[in-house]
Amino acid sequence: MPTRTAPATHQVEVGGVRLTHFDWLGKPSNSEPPLIFAHATGFHARVWDAVIEHFPDRRCIALDLRGHGRSEGEPVDDWRIVAEDVKTVLDRLGIRRAVGVGHSMGGHVLAQCAADKPKAFSRLVLFDPVICAPDFYAPDAALYTGDAPHPAIRRKRDFASPEAMIERFRERDPYCLFKPRVFEDYCRHGLLPKESGEGYELACSPEVEASVYASSRSNAGILEAVKRIEAPTLVVRAKQTDFTDFKSSPTWPQLASTIPGGEDLHRPDRTHFHPFEDPADAARIIAGWIG
């Protein structure tokens, strides 16, 4: 399989916050629309590297969402803010009729963007988007509020080196499910040097990660929004066990049927971390959907 050169790193300022994206340009002669990748909560753009390598001729843009990776941003209390960020970045880049590929929270965000900006995407592939059943968004379904912050806030944030992070988490669930290449990309690109110059800290702080989980019910309008998506959309769902299990699919099984051009692909042989477990399989799914 061909390897790709390192992407160019760019930043776009949105409302005083600098948002980072990584751009693999592809072949100049290739007129196919670009692929736009959006990641899950607590991750970053470069976890998509092993998938992007399967599209060597195509322009690929991977986004660091607000507060993640190299993007700035404080804790999030409404997922619609993240969607507004992405819509602004797409506008600044002049993106039209792209293929959107989102995972988990990134899938939710791209779905909202596609509903609001129908010209932005020609097709969508959503790996286990956090778009849940209607009762999840009920007004009395508060999650992790008051004195009960999400447990992600207790994550270890400081590491002596990327190698130390790799060693600490290599055998732990769910990281032990990841392809080694993807796991190492997650660790190496998921740390930033400390301002003191000694050691590293998580690029996505525990406070930001916990806030995203805690606000997962904030966009109750997403189930109405997806009815406006014009782009053919493939919803890839993993196995569903228990909602408190991070490996379980959070996706409403009827989601694809509410999207006008939606198609459901149920993969009970995969967990919520499907693109990390088997990036080659994820790439095959994307390639098959875009033709």
Side-chain angles (χ1 to χ4, degrees), residues 1-5 7 21-40 45-63 65 83 86-87 89-91 93-129 131 179 182 225-226 228-238 251 255-267 269-270 273-291:
M1 182 184 67
T3 58
R4 302 203 66 164
T5 57
H21 63 275
F22 300 88
D23 195 338
W24 292 258
L25 289 178
K27 287 189 174 180
S29 60
N30 191 338
S31 61
E32 295 176 305
L35 305 181
I36 307 292
F37 292 85
H39 61 78
R46 301 300 299 274
V47 295
W48 289 109
D49 281 23
V51 174
I52 288 170
E53 286 188 355
H54 289 267
F55 300 93
D57 297 334
R58 199 151 187 167
R59 186 184 185 191
C60 293
I61 298 171
L63 309 170
L65 302 178
V86 173
K87 286 188 288 184
V89 171
L90 296 177
D91 277 345
L93 297 179
I95 298 298
R96 296 291 183 272
R97 297 194 59 76
V99 175
V101 181
H103 173 224
S104 194
M105 188 257 293
H108 179 119
V109 167
L110 291 191
Q112 183 69 60
C113 292
D116 295 343
K117 297 184 66 63
K119 294 182 179 179
F121 296 104
S122 59
R123 285 185 177 265
L124 293 175
V125 182
L126 308 180
F127 287 95
D128 238 6
I131 302 175
K179 284 286 187 184
V182 180
V226 297
R228 306 196 309 269
I229 294 176
E230 297 179 6
T233 301
L234 181 65
V235 178
V236 186
R237 292 186 299 114
T251 308
L255 174 63
S257 67
T258 70
I259 300 172
E263 183 173 317
D264 183 70
L265 175 60
H266 188 207
R267 289 293 300 273
D269 59 320
R270 292 295 174 199
F273 300 101
H274 182 166
F276 307 157
E277 295 170 355
D278 194 341
D281 184 54
R284 283 192 294 270
I285 290 171
I286 297 166
W289 185 244
I290 64 181

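Worth saying up front: this structure is predicted, and the values here are computed from it rather than measured.
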Would you mind reporting whether E53 and P279 have side-chain heavy atoms less than 4.5 Å apart?
no

Is it true that D49 and R4 make a salt bridge, defined as a side-chain N closer than 4.0 Å to a carboxylate O?
no

Aromatic ring pairing F127/W48, orientation class (parallel under 30°, perpendicular over 60°, tilted between)
tilted

Taking all non-hydrogen atoms of both residues into account, name the closest pair between A62 and W24 and its distance.
CB-CZ3, 3.8 Å

Could you state the interatomic distance from CD (E230) to CD1 (I259), rounded to the nearest 0.5 Å?
13.0 Å

For residues P275 and V51, report the shortest heavy-atom separation together with the two atoms involved.
O-CG2, 4.3 Å

Find out whether I95 and I61 are in side-chain contact, i.e. whether some heavy atom of one side chain is under 4.5 Å from a heavy atom of the other.
yes

Output for pair (L110 CG, F37 CZ), nearest 0.5 Å, gives 10.5 Å

Quick check for you: to the nearest 0.5 Å, what is the distance between I285 atom CD1 and R270 atom CZ?
8.5 Å

Show your reasoning for whether side-chain contact (heavy atoms from CB on, under 4.5 Å) applies to N30 and R59.
CA-CA 8 Å; N30 191 338; R59 186 184 185 191; over 6 Å; no

Begin from the C-alpha positions of F121 and L90 and carry the test side-chain contact (heavy atoms from CB on, under 4.5 Å) through to its verdict.
CA-CA 10 Å; F121 296 104; L90 296 177; 3.7 Å; yes

Please report the interatomic distance CG(D278) to CG(D269), rounded to the nearest 0.5 Å.
9.0 Å

Please name the pair of heavy atoms, one in G107 and one in L126, separated by the smallest distance, quoted to 0.1 Å.
O-CD2, 3.7 Å

Measuring from T258:OG1 to I131:CD1, what's the distance to the nearest 0.5 Å?
8.0 Å

Could you tell me whether the side chain of H21 reaches within less than 4.5 Å of the side chain of L93, counting heavy atoms only?
yes

Would you mind reporting whether R228 and D116 have side-chain heavy atoms less than 4.5 Å apart?
yes

Are there over 12 heavy-atom neighbours, none belonging to K117, within less than 6.0 Å of that residue's NZ?
yes

Taking H54 for the side chain and R284 for the main chain, is one N or O donor matched with an acceptor at less than 3.5 Å?
no

Test side-chain contact (heavy atoms from CB on, under 4.5 Å) applied to D128 and R237, step by step:
CA-CA 5 Å; D128 238 6; R237 292 186 299 114; 4.2 Å; yes

Might you point out which heavy atoms bring T251 and P129 nearest each other, and give the distance in Å?
OG1-O, 2.7 Å

On a heavy-atom basis, which atom in W289 and which in V125 lie closest, and how many Å separate them?
CD1-CG2, 3.6 Å

For the atom pair CZ (R96) and OG (S122), what is the distance rounded to the nearest 0.5 Å?
12.5 Å

Is it true that a side-chain atom of R58 and a backbone atom of P33 form a donor plus acceptor pair closer than 3.5 Å?
yes

What are the two closest non-hydrogen atoms of A40 and S104, and how far apart are they?
CB-CB, 3.4 Å

